[in-house]
Amino acid sequence: MRFSPNSVWANKMDLKCNGVEFDMDVAVVGAGHAGCEAALACSRLGLETVVFTVSVDSIALMPCNPNIGGSSKGHLVRELDAMGGEMGKNIDKTFIQSKMLNTSKGPAVHSLRAQADKKDYSVEMRKVLESQEHLTIKQAEVCELLWEEIPSDSKEGTFEKRVTGVKTQTGAVYHAKAVVLCTGVYLNSRCLTGESIVYTGPNGLQAATHLSDSLRAAGINLRRFKTGTPARMDGKTIDFSKMEEQKGDERIVPFSFSTDPDSIQKEQVSCWLTHTNKKTHDIIRANLDRSPIYAGIIEGTGPRYCPSIEDKVVKFAEKESHQVFIEPEGLYTDEMYVDGMSSSLPEDVQLAMYRTVPGLENCKIVRNAYAIEYDCINAKDLYPHLEFKMIKGLFAGGQFNGSSGYEEAAAQGFVAGVNAAMEILGKEFLVLKRSESYIGVLIDDLVTKDNREPYRMMTSRAEYRLLLRQDNADLRLRKYGHKVGLVSDEIYSGVLKKQEMINTEIDRLKEIMLGAGKDVCSYLESMGSSPLSTATSLASLLCRPELDYEKLKPLDPERPDLPKDVIEQVQIEIRYEGYIKRQEKQVREQERLEVKLIPEDIDYDDVSSLRLEARQHLKDFRPVSVGQASRISGVSPADISVLLVYLEKLNRKNLKND
Amino acid sequence: MSEVNSSTIAAISTALSESGIGIIRVSGPDAVSVCSNILFDAKGNKVLDSMDASTFRHLYVRDGEESVDECIVLLYRAPHSYTGEDIVEIQCHGGIFLLKKVLDLVIKNGAVHAMPGEFTRRAFLNGKMDLAQAEAVMDLISSRSEAALRASRDQMSGRVSDVIKDLRAKLLYETAYIESAIDDPEHYDLTGYDNHIEEVVKDVSGVIKNLIGSYDSGRFVREGIDTCIAGRPNSGKSSLLNLLTGQDRAIVSDIPGTTRDTIEEYVRLDEILLKLTDTAGIRKTDDPIESIGTRKAMDAASGADLILFMIDASDLLTTDDMEIFSSVYTGKCIIILNKADKTLKIKPKDIYEHFRYSADASLQELSEEEFFDRYPCIIMSASGGQGLDDLKRCIKKLFMSGRINSSSEVVITGLRHKELLMQADESLSNVLECISSGMETDIYTVDLYDAYRSLGLIIGEEIGDDLANEIFSKFCMGK
């Protein structure tokens with residue numbers, strides 16, 4: 001066979017290209033937020049792992065916003081931490097401001113967000129990777145995916161693809177049992193600032209220009225997405241006196257369940273709030289024809305939830321002003337991130353537009369804003385455990401799957417990494433349910449919905465969000481971390497003990513009844529609460545909005561001494577019991593469909609009563625369970641009924657044949 | 001016990017006509033407890049729980065204090081039943097009104113409307129039917145669902161579906177605002193928003209309650225007997241419409257041909273709902289507009305379940321009258337000799353004598369009694385109101401004897417719509433309760449969105465990514 005640089009078959013004939021060869025268990029392509037979690041998970045489980053990056057100096061780089069967490073994203077980080085991920089610990093080490101968002105709302109939507117020192121974040125993560133046993137860091141561009149066709153286990157006479165490793169640009173071959181693709185925004189990427197286009201990844205880093213062809217040759221479909229980032233300003237040229245100061249919380253709450261809160265209380269830096277105005281918008285409108293998006297140069301689909309300032313001005317034309325947050329990029333630099341004004345307008349327009357904003361009149365731009373376009377997959381080609389349906393051993397996580405955001409990436413990278421390990425170790429895959437985690441919602445949405453834009457986590461996407469609080473992520477998910485081997489016995493037994501203390505205390509509070517005595521009533525009145533007319537349990541008193549656990553202390557002399565986090569859970573569980581119970585009931589109902597699995601080789605053409613539309617969608621997505629099928633758009637409850645009957649028919653046929 | 005069904009379902013399982021009895025079936029784990037709230041023995045005791053499996057009893061259906069019907073109740077215990085679940089079968093007296101009422105009671109007590117083909121599906125999944133029937137079961141489910149969906153769309157009047165769309169838009173907007181404020185608390189503020197939501201929810205809930213009320217009076221769903229008022233110009237058709245509806249719906253004048261188009265209105269005669277169509281007068285004419293009206297009138301008359309054929313009895317019979325009769329006599333037809341307040345120039349005998357020769361030969365064989373049994377004749381004054389009771393009695397008799405009928409699919413659809421409206425309203429009352437008990441805003445958006453979902457099911461709309469789309473299109477988010 002003739003050599004051709006993009007032919008997989010040619011490479012299979014030519015494996016020992018430059019003579020450098022390694023045998024690994026797992027190869028992780030990319031060392032961003034997804035790649036780091038994937039590589040750490042695999043190596044921590046004892047598998048020989050190599051992680052590739054185009055630049056070792058850009059490990060865990062934050063090329064866009066300088067923060068971790070935020071509404072619902074903070075939940076992802078806590079969940080990841082509960083299962084043994086690294087992101088929470090790393091931000092606890094490197095944050096420079098921290099804030100609990102939504103504290104005026106219910107506990108389910110409280111969410112942590114921390115400003116990071118970007119350099120510190122990257123360096124600290126690099127240290128963790130470097131000190132990790134079984135983990136090799138390699139600076140190289142992976143150009144080719146190596147795979148072979150083997151006789152199928154499930155269907156006799158057919159073949160299936162199995163991954164065998166990767167090859168770098170220099171020709172080195174890394175044999176691997178599993179490959180995890182975490183290529184982020186680097187595949188065939190190009191950055192656009194007005195008419196200027198450079199073919200690089202973010203921050204001028206080298207793009208990966210060969211791997212896309214190799215993936216296509218393996219039968220993987222790719223598509224184009226885009227995203228963008230605002231300019232970075234020289235802080236010395238900003239007049240902060242014209243802006244409103246945004247301080248961090250007085251008492252800092254850590255992301256990680258393993259971080260001692262007392263150890264991280266520190267001096268914090270501020271962010272600053274300012275606004276765009278009519279002048280800003282006029283300049284943007286006058287120059288729209290020079291925006292690569294409005295001029296039609298950008299072909300990729302951008303996210304609607306973080307629109308560029310051009311988009312905001314066009315789509316929300318009635319708004320005369322938009323908020324702009326000025327955020328430090330770190331303690332090591334004067335550079336400031338201009339949150340709220342991402343753009344792909346030309347440099348001259350950018351300068352003019354930014355300078356209309358109060359406080360930025362004399363600003364100097366260090367880095368221009370730009371839009372970036374890149375190749376990614378449609379995650380419907382993945383199983384819920386993030387392995388490609390068509391290539392065994394090939395896993396994927398992060399922005400490559402069509403998501404957006406550091407936290408979304410890290411969560412998927414972790415799950416992809418863990419499942420690559422589970423496959424090699426012959427253990428059960430880690431698939432989180434929608435009813436037990438935001439990570440489950442994130443991945444289920446990615447592999448089940450027809451996502452047309454980079455996917456961002458939002459609290460409204462989690463239908464059971466009252467159960468999925470950031471405060472109980474450990475109670476929900478430590479068990480899975482322990483099961484896969486990334487959470488120690490000691491930590492796990494601590495969680496079990498905590499759960500027991502919570503249950504015992506809730507029971508106790510429900511049992512203790514207070515009579516409508518004079519002392520009790522006058523105390524309640526002194527707390528601004530109405531007196532009792534009949535015997536009432538402590539638990540019911542705890543439900544009164546004006547009371548809390550602490551305030552009930554004088555009425556509850558026999559109360560045990562409990563840790564703060566236990567008390568917090570007791571309070572929430574009792575107060576929201578009615579709502580929590582209702583969601584739990586819904587979960588149980590849906591669960592009946594979730595556990596009904598659909599055989600992989602199901603032939604939907606054989607289910608003649610399915611409506612045509614439903615059949616096409618089912619063929620396209622090939623859901624693993626009836627529950628997943630029920631969430632595919634275009635599949636009606638009647639189609640699900642038909643499917644259930646069909647599965648029962650198959651089931652009985654098989655019983656007969658046995 | 002079934003692996004996939006935790007709900008208890010109910011449906012009317014006999015045809016909705018005026019047959020002697022009608023059967024309501026309730027199946028599922030809570031079938032017995034649901035039904036025991038409405039079924040009592042003669043002394044008013046709950047007895048369902050103590051009934052032996054596979055036996056029957058004579059019981060009474062009660063709605064609180066009110067006695068609704070007496071019935072025979074059959075009890076089957078899982079797995080020895082059609083579906084393999086507990087089944088309570090209530091055999092009560094027939095009649096659409098009564099069956100609907102009993103089904104309504106069962107639903108109110110915790111059962112849900114069965115999806116199309118669901119009894120059969122459960123029977124199959126619980127091993128009650130053999131493998132060979134699987135295909136048939138699947139076909140049944142899909143064909144019935146299609147039919148139900150079509151009925152749901154067909155039966156919804158454009159006005160009602162516009163109202164529902166409008167309510168949904170409000171709920172979606174408010175949900176999206178709150179969600180935007182949760183996801184982007186630095187851009188959107190919820191301070192004081194509870195008061196606003198309370199107002200919106202009360203507003204929406206008020207409209208829903210009206211819809212539920214109007215369901216009961218039949219205006220919500222286009223069900224009922226398609227009744228057409230036909231006759232020569234100025235025979236008093238519009239006067240009859242106004243008399244029946246009790247309002248000046250149609251313009252009445254002495255000028256023949258005043259009604260140029262068809263007019264529709266709903267009228268309830270106790271449990272019977274009439275969808276009345278007033279038509280333009282039918283006559284040979286050279287006026288192009290009037291002749292369009294005449295053609296429409298003939299179309300409406302030929303497609304109707306019941307024709308009220310108006311004859312101006314103060315005048316002599318004309319060839320137009322004969323023409324009309326010859327085109328409607330194959331349907332159910334009541335002949336009304338109108339203008340009884342004036343001197344009657346036509347008597348029923350004249351009708352018999354003339355009409356039986358104006359259509360096909362079989363009519364000539366009929367005796368006068370037989371003729372009027374088939375074509376009842378009422379003498380009345382539509383403008384004065386005399387004879388109205390006779391007309392009502394006559395229509396009821398025809399309906400009760402099963403000689404006119406309305407489609408059962410339509411009734412079921414109507415009941416389903418009402419159930420969904422009630423669900424939506426319950427979600428909204430949860431919102432109000434949540435606000436009054438001082439719960440945080442994010443807790444009740446779930447209910448707000450549930451109400452949105454229930455309303456969507458009425459007009460057959462899936463939810464999909466509605467919320468995310470609304471957030472992104474109405475609210476400017478993030479970075």
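Chain naming here is simple, since letters A, B, ... match the order of the sequence lines and numbering starts at 1 in each. Everything numeric in this text was worked out from a predicted model, so none of it was measured.
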What part of A:Arg611 lies closer than 4.5 angstrom to a heavy atom of chain B: side chain, backbone, both or neither?
side chain
Chain B contact via A:Pro303 - side chain, backbone, both or neither, heavy atoms under 4.5 Å:
neither
Residue from A:Arg465, A:Gln246, A:Glu463, A:Lys315 scoring the most non-hydrogen pairs under 4.5 Å with chain B is A:Arg465
Can the positive tip of A:Arg461 be found less than 6.0 Å from the middle of the six-membered ring of A:Tyr455, inside 45° of the ring normal?
yes
Interchain contact, A:Lys585 with chain B, by part (heavy-atom threshold 4.5 Å)
neither
Interface moiety of A:Arg544 toward chain B, non-hydrogen atoms closer than 4.5 Å
neither
Do A:Asn102 side-chain atoms and A:Ser71 backbone N/O form a donor-acceptor pair below 3.5 Å?
no
From the list A:Ala638, A:Ser460, A:Ser72, the residue making the most non-hydrogen contacts under 4.5 Å with chain B is A:Ser460
Considering only heavy atoms, which portion of A:Val607 lies under 4.5 Å from any heavy atom of chain B: side chain, backbone, both, or neither?
side chain
Proximal component of A:Glu327, with respect to chain B [non-hydrogen, under 4.5 Å]:
neither
For A:Ser111, which atoms come within 4.5 Å of any heavy atom of chain B: side chain, backbone, both, or neither?
neither
Please enumerate all residues that pass ring-ring contact (aromatic ring centres under 6.0 Å, His included) together with A:His617, with sequence neighbours excluded.
none
Portion of A:Lys319 that has a non-hydrogen atom of chain B nearer than 4.5 angstrom
side chain
Residue part contacting chain B, namely of A:Tyr646, when any heavy atom lies under 4.5 Å
both
Side chain from CB out, backbone as N, CA, C, O: work out which of these in A:Glu591 comes under 4.5 Å of a heavy atom of chain B, or both, or neither.
neither
